[in-house]
Amino acid sequence: MTPVLASLRGLVRRFGSVTALAGANLEVFGGEVHGVLGENGAGKSTLLGVLGGVVRPEEGELEISGQPVELRGPRDAWRHGVGLVHQHFTLVPSLTVLENLSLGRDAGASGFALPQTRVRPAAERMMARTGLSVPLDELVEDLGVGDRQRVEILKALLREPPILVLDEPTAVLTPAEVDSLFDLLRELARQGRAVVLVAHKIEEVLAVADRVTVLRRGRTVLTSERGGVDPHRLVRAMVGEDAATQTAVGLGAATGGVVGEASGGLLAGEVVATLDGVRANRASGAAALVDVSLQIRRGEVVGVAGVEGNGQRELALLLTGRLSPPAGVATVPDGVGFIPQDRTVEGIVGEFDLVENMALALHDDPDAGRGMWLDWPWIRQEAEAVRSRFGVVAPDVGARAEGLSGGNQQRLVVGRELRRARDLLVAENPTRGLDVAATAFVHAEIGRITSVEGGPGVVLLSTDLDEVLALSTRLLVMTGGRLLEVPEGSRTREGIGRLMLGGLQPDV
Amino acid sequence: MPETDLVLFLEAAVRLGVPLALAAMGEAITERSGIINIGLEGSIIGGALGGALGALATGNAAAGVLAGAGAGLLVAMVFALFSIGLRTDQIITGTAVTLGGLGLTGAVYQARFGATGTALTLPTLAPMSVPGLSQIPWIGSALFDQAPTAYLSYALAPLLWYYLFRTAWGLELRAVGEAPDAAQAAGVRVRWVRFWATLFGGALAGLAGAHLALAHAGTFAENMSAGRGFIAIAVVVLGRWNPLWVLVAALLFGAASALQFLLQALGLDLPYQLFLALPYLLTLAALAGWVGRSRAPAALALPWPKER
Amino acid sequence: MSRNHFAVLLFALLGLSACTGQQDAETPGTFRAALLTAGPVSDAGWYAGAYEGLLLLRDSLGALVSHQQTRTPAEFDEAFLSYASSGYDLIFAHGFEYQDAAMRAGERFPNTTFVVSGGGRFADNVVPLIFELEEGSYLAGMIAAGMSRSGVVGMVGGVAIPPVEGTFLAFEAGARTVNPDVQVLESFTGSWDDVAAAKEAAVAQLGRGADVLIHNVDAASFGVFQAVRETVAAGGTAWALGMNRDQNDVAPDVILGSAVIRIPESFLETASTWQTGTLGGRPIYAGASEDVIDFVLNPQLLDVVPAELVAEMTAVRELIRAGELTVPRVPFVEGEPGVR
Amino acid sequence: MYEHGGRTAWVVGAAALAATAVVAAVLLWVGGYDPARAAAAMWSGAFGTRGAFVSVTLVRSVPFLLTGLAVAVAFRAGVWNIGAEGQLYAGAIAAVWVGIEGAALPAWVLLPAVLIAAGLAGALWALIPALMKLRLGVGEVITTILMNFVGINFAAYLVHGPLQEPRGVFPQTEQIADAARLPALVPGSRLHVGFAVAVAMAVVLAAVLRWTRWGFRVRAVGASPRAAWAAGRIDAGAVVLATFLASGALAGLAGGVEIAGLTYALYEGLSPGWGYTAIAVALLAALNPVAVVGTAILFGALEAGAGAMQREAGIPAVWVVAVEALVILAVLATDQLMRTRVRGAQTPGDDEGNVSPEPARA
C-alpha cells in the first residue's frame, strides 16, 4: 500500500462557543485523491486549516510523512510539504498575478534575486499543463472571481507540494476547467502525491476522489473507498439519518439534478424593469456591457448563465439602480432586492448586529421611522421576522452578523432582500458556498415569491449551470458583454456551454 | 535670479531636503509593510541627541552618525513593541512615542548639560566634494558638494527601489502591507517583516536626526527636529511610497523651504508666516495635481492579526 | 465603556500616588517666587536667564521657588491661579504673551505681584519688566557696520515679537550711525528651536553678501554661528554677533561681541524692590543705565576690531548709560509716547 | 464594539499600570527627582481638590472633548480626519473676528454668533480636504495634516498682520467683547459654559449616531463602504462630505470655545496639538461620543497633573512630558490587553474559523 502522507487524529478546536472540530480524523495516502464532504459548519475548512498550518488545534495529533509535527503557521506547513488552496482568497489584490505567484516562494533563500523572471516560465508551463489560464501581468484586483480561483490553484501547484489541499476549488470554474483540473489532480496522485479535495457537490467528489471522508458536527463519521458508497449514503452521513429525509429535496440540486419543474408555464405579468440599448464600462474603461436590451416581467425567473466576468456584475448593478448607464436607457423599479455574490463584503456589515443589518435595507424606508429618526423597535421586529421565517440560526437579533455561519449570513441576506423585492429581485450566485439544505431553501424561496400573484420578477445570475437550468423560466447566456437568448432546444449543459464559449474575451 | 542666488538656493534645497529624504525613505519602507510610524519625530530627535552624544564621546562625527541611527532605531523599537507586539493603535502609540522622544531627549540633555542648557559645539561631518560632478554648472555644487549623508540618501533611493520592486524580500514587504493575511498564507512572517521594516525606518530617521545635528547645525538643541517627522510622513505620500519619488519629493520640499529664506534675504517684504506655509501649500497643489489616486498600502495602520 | 476608561484612569493615578509622600511643610513667612516660561529653560538664552534669576532669588533671598513651562495661552490663567492661590507672592511671567492673563489675575489676587517681562500693561500689582536690549543691539549694530566690508549686514529672528523687532530696529539704527548706506537684511524662521532653519536663513543672507550677522533666535542661534563659521572655513570673511547672553565663548572664532541682558540680576533687583514694598503701579525699565543691558566685546577677537570703532562704540555706550542718548525702540507700554 | 470585564482583564490592566508606574518612578529617580512627590503632585493637580478638578482638569478637558468628538464622528464614517488642529485654528480665527467686530451686539446674539462662526469656519477648513478626497481622490490623511500647518501659519500671519491688536505691537489680536465671552458654568470657578456645550454635543452626537437615519448611514459607511453601497444603497460620497463638514465644525467649535471661554484673544500657538491628541482621545473611547467625555477628562487630568508636577514637585517640563507619554502608553496597553483577553474568549469568527476582512483605513 502507498504510504500515509498525512494523518490527523482526534482534533479538537473551538472558536468561542462554537466547536468547529470535536475529534475529527483524517488519513491521507500518497497517490490518492481524497474527497472531504460535509455540511456548512461541519468543520471541513477548519480541518484543512489544521493541515495547512492556519488553525492550531487544541487537542489531537498531526503526523506528516510519519513524523509528529506541530505547525505554527502556513510557513511551517509549506516547509512540511503541505500546499493549501483556500476557500476564501488569500491573494494580494494590488499585486499582479505573477507577483502573487512569486510571493513567499523561496522566501529568504534568495531574497535579492529577481523572482518574477524565474516564476514566469514555470507559471506558463503550469498553465499550459493544466489548462488554467490567467493573465500574469494583470493586477489581481482587476480579475473576476473565477480568475482569482485559478490563481489560487496555480499558486499552490507551482510549488508542487507532496500534499495538495484544495478547499472548494470548483465553485467558480467552468465545466471544462473543472474537468481539466480533475485530470490534473489525478495525474498528481499518480505521481505519488496526496490530494485532499473539499467540495459541496457530492457528484464532483465522486467523479475524482479515490476515497471519501465525511464530517458532521466536527467529527469524522465516515471514511470509505469510492466504490463503497453511493450519493444517498453520503447525504445521510452528512446530515444525519433523521434529517436526511427532510433534505432529500435538496439532494437534487446538490447532485446536479433538476428540482421539480421550473414554473415556466405561468403567464408572466407586467414589465417591471427595462434595459434598452445599454452600455456600461468597467473602472478600467473597458467595455463591460455592449448594447444590452432586456425586459423583466413579474413572476418570471430570468436566468443568466455565463463565465464570471462577462458583464454579469454590471448587469446586476444596472438592474438594481447602483449603476447608471453611460449610454442607453435603464428603467428600474423602486422595490428592488439585491443578493450580492460576496455576502461578507457586500451583503452584510460584519460588525453590525442582525437588527442593524436589517436597517441597512430599511434605513430610507418611510415605515422605518418618522422624519430623521429611526424606529428601532419596528426594525427589530422586522429582523425578528426574518430570523424566524428564514431560520437564521443566531442567539438573538442582537448578535453580530460576523459571528454567523456562512449559510446563516446568506439566509439573513436572502430574507431581507426578499422582503425588499416588491418588484424585482436580482441575485448573483445566491447559493455559492451554501450547503445542500441552504441551497434548497434559497431555491424554494425564489420559486415561492414568483408563484404568488403580483410577485416580483427575478433575475438570477449564476455560474452554476445546474442552478440556472433548474430555476429559470427564461434562459439567457452572458458572454463578452452581450446577452444571448438560449433557444428552447439548447437548454442543456452542453448547449449553454457552447454559447458561453462564444465570446470569452469581453474586452475589445 | 542671478546665477549665484540660484546655486545657493539649490544648495540650500538639498541641505534641507536630505534629512527629510532619509526619514521619509525609511518611513516609506515602514509604511509599505503596513505600519504608519507617527513616532518618527521621536526617532529623529533621538537620532540628533544620540548623534551629538556619540560624536562628543568619540570625538568622531562618523561614529556619532552611527550612534544617531542606533538611537533612532531604539525609539522605533519602543513603537514596534507596542504597535506590533501588543497591537496597540499605531496613531496613538506614535503620538506617545513622539512625546516621549521629545521629553526624554530634553531630560537627558538637561541631565548632561545642565538645566539651562549650553550651546554645544559638535564635531561635524564636513561636506565632501565629488570630483568632476561638483563642477557641473548650476546643480553640481548643490548635489555633489554635500555632507556624506546626502550621498547616502542618493544611494539609498535606487537601492530601496530595487529592494521593493525587484526582489523577493521587497515583494514580501509589499504583500505584508497590502494583505497580511494573504502574505501569511503564502508563508511570510508578517510581524517579523513589519518589525524590521519599522526598525529600519527608525534607524533612517535617526540618521536624519544625526545629519541635522552633525552635518547641518553642528549642535544639539531641544526640539531641533522641529516637526520634520510629520513633514517626512507627508513626503512619503507625495512620493507615492516609492523611494525614488520620495527622494524627489523631499528635495522639492527642501526647495520650498529654501525658497522662503532666499526670498527673505532678497528683502522681499512679505509676511514670513505665509512663506512658512508655502511648502505645505505646494504639497497640497502637487497632491491635487499628480499624486491624485495613488493609494496607501491597504493594510496601513491596521493592527494585525485582527483578532488574537 | 466610558466607565471602564474612568476606572483605567483612576487606576493609573492611584497607582502613581500609591506611595504618596507629603509636600514640604510650609515655613511661615517664607517668601515664595514663581516663574512662568513659554519655552524650555534649557535654551541657553532668554528662558535660561530667567531660570537662573529664579535660582538666584532662592540662593540670595532664601525664596521658595517654583517654575512652570506653559504650552498654550489657555494655561496662563491656570498657572497664575494655581500659584497665586497657593500663596506665591511674586510671579515672574517671562514673556509679553502673559500680559492679558496677568492683568486678569492681578485683579483677582491683589496680594500677589505679577511681573511680566516685556509686558505692555500695568496695575498696582502687575508690573511690566522692560528689558531695553535695544541699547545693546544698537551698539552691536555699530560694530557690525564698522566691521562689514560689503556694507551688508543681516539679522536672523525667530518670531517677529516686539522684543525681537525692537532689537532689530535698534541694530539697524546703530549700524547707520557708522555707515549711513549700510544695507540690512532681515529674516524670520518662525521657530526658536529649529537650528537648521536658522542656519539656512543665515546662509541665504551670507549668500546675498551680508558679512556680519546678528540673531535673535534664542536656542537656534547656533545655526547662525555655524553658517558664519562655515563661510570662514570656506575662505570667506564673516562675523557674527551674540544676543541675550554673553555668547562670545560659544563660537569664539567668529563672534565679535554680544548684546547681553543680565536677567538674573534684574530679577534679583526686582525682587528686592518688591521686598521694600515699592514695586508696582509703573513699568520697570531695565537698560544699560541699570547695568542690566550691555554690549560685551569678545576678548579673543579684540585685535580684529579697529580701535577707533571700539572707542566710538564705548563712547556711545557711556552716553546711553548716562541717559543722554535714547536708542530707538518699538514702544509698547501703555502711556509711553506713541502707544495708544 | 467591545466589552471589558472579567477578572483576568483587571489583573492584566493592573499589571500593565504597575509596570508603568515602576518605569516612570525609576526614570524620575534616575533623573534625581522624587517619584512619590511627583505622583502626589500629579494627583493633587488633577483631582486633589474640587478647585483643581473643576477649574483645571475639566477646563483642560474641553478642547480635548470637542476635538475628540470631531475625530470620533469622522472616524465613524471612515473619514480619517487628522486635521482637527487646523480646523480648530480656523474656528478660533472666525470666533475672534466675530467677537471683536460684533462688539455692538447684545450677548444673546453675539455669543451664539461667535460659536456658529467658529463651527462654520472649521467646516469650511474641512471642505478643502473633503473636496480633494471626493473630487480628486486624494486621501484625506495627508491633506488634513498639511491643512493643519497651513492653518497654524495662517493664524500666525493674521496676528502679525490683519488681525493684530490695534497698537500693532504684540502678535495677538484685540480681546473679544465682553458680550462674546462664555460665562462661568460653576460660579467662582474657571469652568465656563463651553464645557456644558461640549458635553451636550457629545450627547447629541451619540443620539444622532444611534437614533437617526443619517447617523446610521454614517456608521454603515464607516463599517463597510461596500456593504453600505451594495446592500444599503447609501451614497457614500454624500455621507463622507456631511461627516467631514460636521467633524470640521466640531473642531472649529473647539477653537471658538477656547477663545470665548478662556483666552479671549487669538495668539500664535493657541493649541499645543489638541487636534492630534484628539485622535488618542477618540480612539481610546472606541469612537463612542459619550465615552469621549470620559477620555477627554482623562487627558485633561493628565495635563492638569503635569502642570502640578512642575509647580509642586519641581519636575522640569521635559520630564513631565516623558511621564505623560508613559501614561498614554500604559493606558493604551492596558486597554488593548483588556480587549484582547475578553475578545479572545468570545471570538466567534464564522463557523469555519475564518474571520472576515476589515475595511482598509487609510
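Note on naming: letters A, B, ... go to the chains in the order of the sequence lines (proteins, then strands), and numbering restarts at 1 for each one.
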Using non-hydrogen atoms and a 4.5 Å limit, figure out which bit of [X] sits close to chain C: side chain, backbone, both or neither.
{"X": "A215(B)", "result": "backbone"}
{"X": "L263(B)", "result": "neither"}
{"X": "T124(B)", "result": "side chain"}
{"X": "T121(B)", "result": "both"}
{"X": "Y109(B)", "result": "side chain"}

Pick from [options] with the largest number of heavy-atom pairs that fall under 4.5 Å of chain B:
{"options": "Q247(C), E200(C), K199(C)", "value": "E200(C)"}
{"options": "A251(C), A197(C), P40(C), A220(C)", "value": "A197(C)"}
{"options": "L185(C), L55(C), V195(C), V203(C)", "value": "V195(C)"}
{"options": "G223(C), A160(C), G45(C)", "value": "A160(C)"}
{"options": "A196(C), G207(C), A219(C)", "value": "A196(C)"}
{"options": "G190(C), A44(C), A202(C)", "value": "A44(C)"}

Minimum heavy-atom distance between [X] and [Y], given as atom pair plus value:
{"X": "L276(B)", "Y": "T189(C)", "value": "CD2-O, 3.4 Å"}
{"X": "D194(C)", "Y": "M224(B)", "value": "OD1-O, 4.2 Å"}
{"X": "E52(C)", "Y": "T116(B)", "value": "OE2-OG1, 3.6 Å"}
{"X": "Q264(B)", "Y": "S187(C)", "value": "OE1-CA, 2.9 Å"}
{"X": "F222(C)", "Y": "A119(B)", "value": "CD1-CB, 4.1 Å"}

Audit row: Q226(C), H216(B), side chain to side chain donor-acceptor pair (under 3.5 Å) steps and yes/no: CA-CA 9 Å; Q226(C) 185 71 9; H216(B) 202 164; over 6 Å; no
How long is the gap from CG on D193(C) to CD on E222(B), to the nearest 0.5 Å? 8.5 Å
As an exercise: rank A221(B), A115(B), A226(B) by heavy-atom pairs under 4.5 Å with chain C and give me the winner. A115(B)
Shorter than 4.5 Å, heavy atoms on both sides: which option in T219(B), L212(B), L16(B), T118(B) has the most such pairs with chain C? T219(B)
Which bit of V159(C) is near chain B, if near means a heavy-atom gap under 4.5 Å: side chain, backbone, both or neither? both
